[in-house]
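Inspection log for the structure reproduced underneath, given as structure tokens.
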Amino acid sequence: MVTLALFLRGMYGACRIDVGAVKQLVSRLVSQIVDADTHSQVSAEAREVAFLLLEYPELYHYQQSRLEAVDQLWRSLREIAQSLGTALDGFPSSTPFFVNQSYWEGVSLRKAAATLDRVVPLGYGDSVGDVAYTFHAIKLVAPEATLGAAFSLHHNQIQSAVELAARVKTAVDAGAQSIVYYNLGLLNNRRLNWIKQANLAVEEWR
């Protein structure tokens, strides 16, 4: 943690960002938004933050430094992976969100695609359309990215084998070359069997 803190401090210093001034600005803006007590919808707040990033260059540059810091960490990991003769997949946790909310995670999908051997977005969302949107967002900034897809079969995410297969098909049609399933320890045998059905469906589509 100390090493990471020093790394980030050096990153912001190299970009000549006045962290104290940014902190004061953010504190003032957050206080204004909270005191106004008018925004209850996340989508509205997300649009407002995107607007503020344009109006306040210091906020924009601070966000860019976060993206650069994560990318530098990924580059270090890729060097390690290459030294071991293996590829590096990355699971950017910003991918389930709408593009104007990606600032939450400090991840640049464009940088990820350029650094990682494969970008593996998390196929969250309430519908097949949300999965399609995730790949659409990536291709806006990284059309040449090598892609995978990751799905959770938690009951809050997937309701049936048919739904899982539809989501997997959407990812494969969008260019996903691998499918990852996780949180398997939380699944019963019925849901585990959905994976088998989805994998068989992929083979049939091909």
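When a residue number appears, it is its place in the shown sequence, counting from 1.
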After noting the C-alpha distance and the side-chain angles of L67 and Q63, does the key distance pass the side-chain contact (heavy atoms from CB on, under 4.5 Å) rule?
CA-CA 6 Å; L67 304 184; Q63 287 296 103; 5.6 Å; no
side-chain contact (heavy atoms from CB on, under 4.5 Å) between V26 and K23: does it pass, once the steps are laid out?
CA-CA 5 Å; V26 171; K23 180 179 179 180; 5.9 Å; no
Evaluate the criterion side-chain contact (heavy atoms from CB on, under 4.5 Å) for residue pair L122 and F91; output intermediate values, then yes/no.
CA-CA 7 Å; L122 305 179; F91 296 67; 4.1 Å; yes
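The 12-atom threshold is not exceeded at CD of E144, counting heavy atoms of other residues, nucleotides or ligands nearer than 6.0 Å. Residue-environment remark: CZ (R118) exceeds the threshold of 12 foreign heavy atoms within 6.0 Å. A 6.0 Å sphere centred on CG of N156 holds more than 12 heavy atoms belonging to other residues, nucleotides or ligands. By the 6.0 Å contact criterion, OH on Y60 is open, its count of non-hydrogen atoms from other residues, nucleotides or ligands being 12 or less.
A pairwise comparison of heavy atoms in A166 and V128 identifies CB-CG2, 3.8 Å as the closest pair. Among all heavy-atom pairs drawn from G106 and V70, the shortest one is O-CG2, 3.3 Å. Contact detail for V131 and Y124: the closest heavy-atom pair is CG2-O, 4.2 Å. Of all heavy-atom pairs spanning E163 and I158, the tightest one is OE1-C, 3.9 Å. In terms of heavy atoms, A165 sits closest to A198 at CA-CB, 4.3 Å. In this structure, A171 and A149 approach most closely via the heavy-atom pair CB-CB, 3.7 Å.
Distance CG/L54 to CG/L59: 10.5 Å, rounded to 0.5 Å. Atom CG of L29 is separated from atom OH of Y56 by 5.0 Å, given to the nearest 0.5 angstrom. Note: R78 CZ to D89 CG = 11.0 Å, rounded to the nearest 0.5 Å. Annotation: the span from L187 atom CG to S152 atom OG amounts to 7.0 Å, rounded to 0.5 Å. In this structure, the separation between CG on L116 and OG1 on T146 is 10.0 Å, given to the nearest 0.5 Å. Distance check: F135 CZ to L140 CG gives 13.5 Å after rounding to the nearest 0.5 Å.
Placement of W194 and V162 in two distinct hydrophobic clusters is found when ILVMFWY residues are connected by side-chain heavy-atom separations under 4.5 Å, directly or transitively. Following chains of ILVMFWY side-chain contacts shorter than 4.5 Å, one can reach F51 starting from V22, so the two form part of one hydrophobic cluster. At a threshold of 4.5 Å between side-chain heavy atoms, the hydrophobic network of Ile, Leu, Val, Met, Phe, Trp and Tyr places V120 and Y182 in one connected group. Criterion: ILVMFWY side-chain heavy atoms under 4.5 Å apart, direct or through other members. Under it, L164 and L192 are part of a common hydrophobic cluster. Taking hydrophobic clusters as Ile, Leu, Val, Met, Phe, Trp and Tyr residues chained together by side-chain heavy-atom distances below 4.5 Å, V30 shares a cluster with L25.
The salt bridge (charged side-chain N to carboxylate O under 4.0 Å, His left out) test applied to E58 returns no partner, not counting sequence neighbours.
Side-chain contact check for R28 and Q24: no donor-acceptor pair (N or O, by modelled atom type) lies under 3.5 Å. Judged purely by distance below 3.5 Å, without hydrogens or angles, the side chains of Q72 and E68 pair a donor atom with an acceptor atom.
Between L184 and I195 the shortest side-chain heavy-atom distance falls below 4.5 Å. In this structure, D71 and S108 have side chains that are not in contact, with every pair of non-hydrogen atoms separated by 4.5 Å or more. Proximity of L147 to K139: side-chain heavy atoms (C-beta onward) are separated by under 4.5 Å at one or more points. Contact of the W74 side chain with the V107 side chain is registered, since non-hydrogen atoms from C-beta on lie closer than 4.5 Å.
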